[in-house]
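Following: one structure in structure tokens, then a few remarks.
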Amino acid sequence: MSEPSRGQQGVIRRLRAPLRGIGARLFLFMLGTSLVVSTAFAAIEAWAGYRGQLAQLDREVEQLGRATLEPIALSLWNYDDAQLRLQLDAIRQRPFIASVEVRELAADGSDGTVRARLGEHAAGESRTERLPLHYRRDGEDALLGSLLLELDIGAVQAEARDRALGILFTQAGITLLISLVLLLVVRQIVTRHLSALARAAERFDLRDESSSFRVRAPAAGGGDEIDRVMDALETMRSSLRSAYRDLAEANTKLQADIAARLRAEAAADHLANHDALTNLPNRRLLFQRLSHELAVAERSGTHGAMLFIDLDHFKTLNDARGHSIGDAVLIEVARRLRSQLREVDLVARLGGDEFVAVLPMLGELRERAAANARIAAEKLRLALAEPIVVRDEVFRLSASIGVALFPDEHGTPENLIKYADTAMYQAKTEGRNTIHFFERGLLEAMEERHALETDLRHALSEGGLDMAYQPLVDAHGGVRGAEALVRWTHPVRGPVSPAQFIPLCEESGLIIELGDWVLRTVLGQIRAWREAGLLGPQQYVSVNISPRQFRAPDFEDKLIKALHAFEVPPSMLVLEITEGVVLGDIDTAIERMKSLRSRGVRFYIDDFGTGYSSMAYLKRLPADGLKIDKAFVRDLGTDANDAAIVDAILAMGRHFGLTVVAEGVETEDQARYLITRNCALLQGYHLGRPTDATRFATSFLRQGTLA
Ligand code: C2E
Ligand code: MG
Ligand code: MG
């Protein structure tokens, strides 16, 4: 059974009140006490009365004896029975005499016959008094018989009892009356106020300003105890109220503090687990969730996929257009990724332009999961390829996506990210804007690349790199200059092609350091050749500048300073750039080219015809020359298409007033073909292989026609 509520308890108390109330208890106490006292008093009264009566009876018997014995003895002597009866009747009239009789003395001295008798035997207790009847005559005393008085003791007792009861009832009546009056008085001056106080206390509510313990006006002629209780309760109420107000105030403050702290904690927690820019989960949260997803996948036997998403050429855009544009693009990318995926999928930003999507529960069969992962990745790729508009400017991005399925035998979260990253890297080398699934072989390749990069870094700082120079020859066989090509001989692997390690440097950023080294070395070489009179002012050395190097904010500054430092006229330096330079942000690239050209530095577009070569670019780029890629030159004699492309490039160059250089000229036929079509300069094994500076000087510069 449940405990009665506070309200119910009040009701129960009130129901018991008539019996439990102070008035009632006082009443019962008085009644009880006076009843006990009255009863005792009545009993004593009765006992004393009874004893008194008995004594009185004894005295009466004695008196009776003195007054009546002689006349009765005379009547007995005279045989005057009538007189005897009269005498006995007179005795019998007296109180408490039940019966009276006269017996004659028998001859043997014992009680003889009854001469007269009056009255009945007492119904209750009785006592018989025997009084001797003597007859005196002439100085002689004769015992005639005895007078037997039967005393009615029961009647004496009854009378005493009746008196006692009378006393008792009177006392009880008076007590009852006084008690009742007292009850009313107590109720009037005490208990009704106490009850009112109790009700006030029951109703008392700290929040209620109007609740009060002033249940009555102060008693006339100074405060009584009730007034003192009321005052005390009022004082208590007001101090409780002020304590309550303080407490409520403190509580409100505390609540606010707690809420603020909770908010701060939630915010800190969010901050610790989310990327501030995109509000996506960060690496930390990714690892947490990933461990969980891997465990679930393992247990449930379903497969999922991790997608590693890297934006293509984002760094170019960020460097060229500033971080605020970059940030806006990243926010939009994050939004697109999130909007393309399911609720259960997790999209996180690892940093920079790297995002990760974890897609759990793609299927129970690995093949099915792979197919679903490809569909999802394709969706993301397409979503990211849509133009992004930032501040009314349209940007076209693409993404390379690597996919790794899980669970995997070595599938720790770290490994899984490495796998997806590796696959992404492969997607990049496959020409970007593609999706690649992770295969075990990839990882080894990646590790190999990594090792190569470490060795290259080492070579760069330890002087393990060299420059080779390849002659650039005009239609008359005159050496007009050289292309500087970097060379690296690996201590174990032997010579490593720049075609292999330059892209590696591009990716890692090492290209900046390497590019600086190349520029310094080449400029130093130009100065040396000039000072030795081997290189004239009409000749030049062309240096390959990779896109990332060109886009570096301080590139122009560094170049100008280096030209000054090595006292090389800018006209003796040609920068070979590829169309990759302008990808992302053509305007800034054009600005930079214009600025450098105004100082006399020339630009040739390298590998022309392979990349995105578009007429639009060509028209806008302030270039001085073109280099026809060796791929078109190689099949000049055999492939009509290549011949047509070469012809078109030559025509284009003429049209825009550009110097055209043909690379990879390996045969006499190729050279003749190009010369007859007015190709300004030739470069290739047929005219001279790249070689070190000393040999280049002896082989080409001493004999070269100094213009
Ligand atoms: P590239 O600028 O197109 O350089 C021409 C490449 O063609 C050189 O390869 C050269 O050795 C090769 N070559 C020259 N004549 C012939 C020929 O007749 N037949 C064939 N098959 N090839 C010929 P290399 O030295 O391996 O360089 C490859 C690429 O590496 C270069 O292509 C250039 O893009 C890059 N590279 C080389 N050195 C540097 C450098 O110092 N800085 C930068 N950023 N890139 C460099
Ligand atoms: Mg080149
Ligand atoms: Mg080239």
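Quick note: numbers below take in every heavy atom, side chains included, and nothing from hydrogens, waters or symmetry partners. In listed order, ligands and their atoms are each counted from 1.
- Between atom CZ of residue R432 and atom NE2 of residue H313 there is a gap of 4.5 Å, rounded to the nearest 0.5 Å.
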(request) Evaluate the side chain to side chain donor-acceptor pair (under 3.5 Å) criterion for residues Y604 and N544: first the C-alpha distance (whole Å), next the side-chain angles of each, then the deciding distance (0.1 Å), finally the verdict. (result) CA-CA 9 Å; Y604 280 23; N544 293 284; over 6 Å; no

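- The closest approach between R689 and ligand 1 stays at or above 4.0 Å for every heavy atom of the residue.
- Atom numbering of ligand 1 starts at 1 in the shown order; those under 4.0 Å from a heavy atom of G684 are 15 (N), 18 (O).
- Comparing E483, E666, E576 against atom 21 (N) of ligand 1, the shortest heavy-atom distance belongs to E666.
- Those atoms of ligand 1 with a heavy atom of S546 less than 4.0 angstrom away are 44 (N).
- Contact annotation: for K627 versus ligand 1, there are no heavy atoms closer than 4.0 Å.
- Taking 2.8 Å as the threshold, D607 does not count as a candidate ligand of the Mg ion (ligand 2), since none of its N, O or S atoms lies below it.
- With a 4.0 Å cut-off on non-hydrogen atoms, V486 touches ligand 1 through its backbone as well as its side chain.
- For a distance bound of 2.8 Å, the N, O or S atoms of N544 include one lying that close to the Mg ion (ligand 2).
- When each of D669, L674, V665 is checked for a side chain to side chain contact (heavy atoms under 4.5 Å, CB included) with L636, only L674 meets the rule.
- With sequence neighbours excluded, no residue satisfies side chain to side chain donor-acceptor pair (under 3.5 Å) with R530.
- Using a 4.5 Å heavy-atom cutoff, the side chains of I309 and E354 are not in contact.
- At a heavy-atom cutoff of 4.0 Å, ligand 1 is contacted by the side chain of D607 but not by its backbone.
- Separating the CD1 atom in I502 from the CD atom in Q549 is a distance of 8.5 Å, to the nearest 0.5 Å.
- Remark: ligand 1 atoms within the under-4.0 Å shell around heavy atoms of V518 are 41 (O).
- Only side-chain heavy atoms of R487 come within less than 4.0 Å of ligand 1; its backbone N, CA, C and O stay farther off.
- Distances from atom 36 (N) of ligand 1 to the heavy atoms of P498, S497, P495 show the closest one on P498.
- By the 6.0 Å and 45° rule, R634 does not stack over the aromatic ring of F632.
- At least one side-chain heavy atom of F566 sits less than 4.5 Å from a side-chain heavy atom of R527.
- Contact annotation: the side chain of Y469 approaches that of V541 to within less than 4.5 Å [non-hydrogen atoms, C-beta and beyond].
- Between D606 and ligand 1, a contact under 3.5 Å exists for at least one N or O pair.
- Nearest to atom 42 (N) of ligand 1 by heavy-atom distance, out of N544, L514, L687, V496, is N544.
- Take the N/O/S atoms of E483: the one nearest the Mg ion (ligand 2) is OE2.
- The atoms of ligand 1 that sit less than 4.0 Å from any heavy atom of P690 are 11 (O).
- Y540 does not carry R480 over the face of its six-membered ring by the limits of under 6.0 Å from the centre and within 45° of the normal.
- Centred on the Mg ion (ligand 2), the OE1 atom of E576 and the OD2 atom of D606 lie at an angle of 80°, reported to 10°.
- Nearest residue to atom 6 (C) of ligand 1 from R634, Q683, K630, E663 is K630 (criterion: closest heavy atom).
- Two residues are said to be in side-chain contact when any heavy atoms from C-beta on lie closer than 4.5 Å; M593 and V601 fail this criterion.
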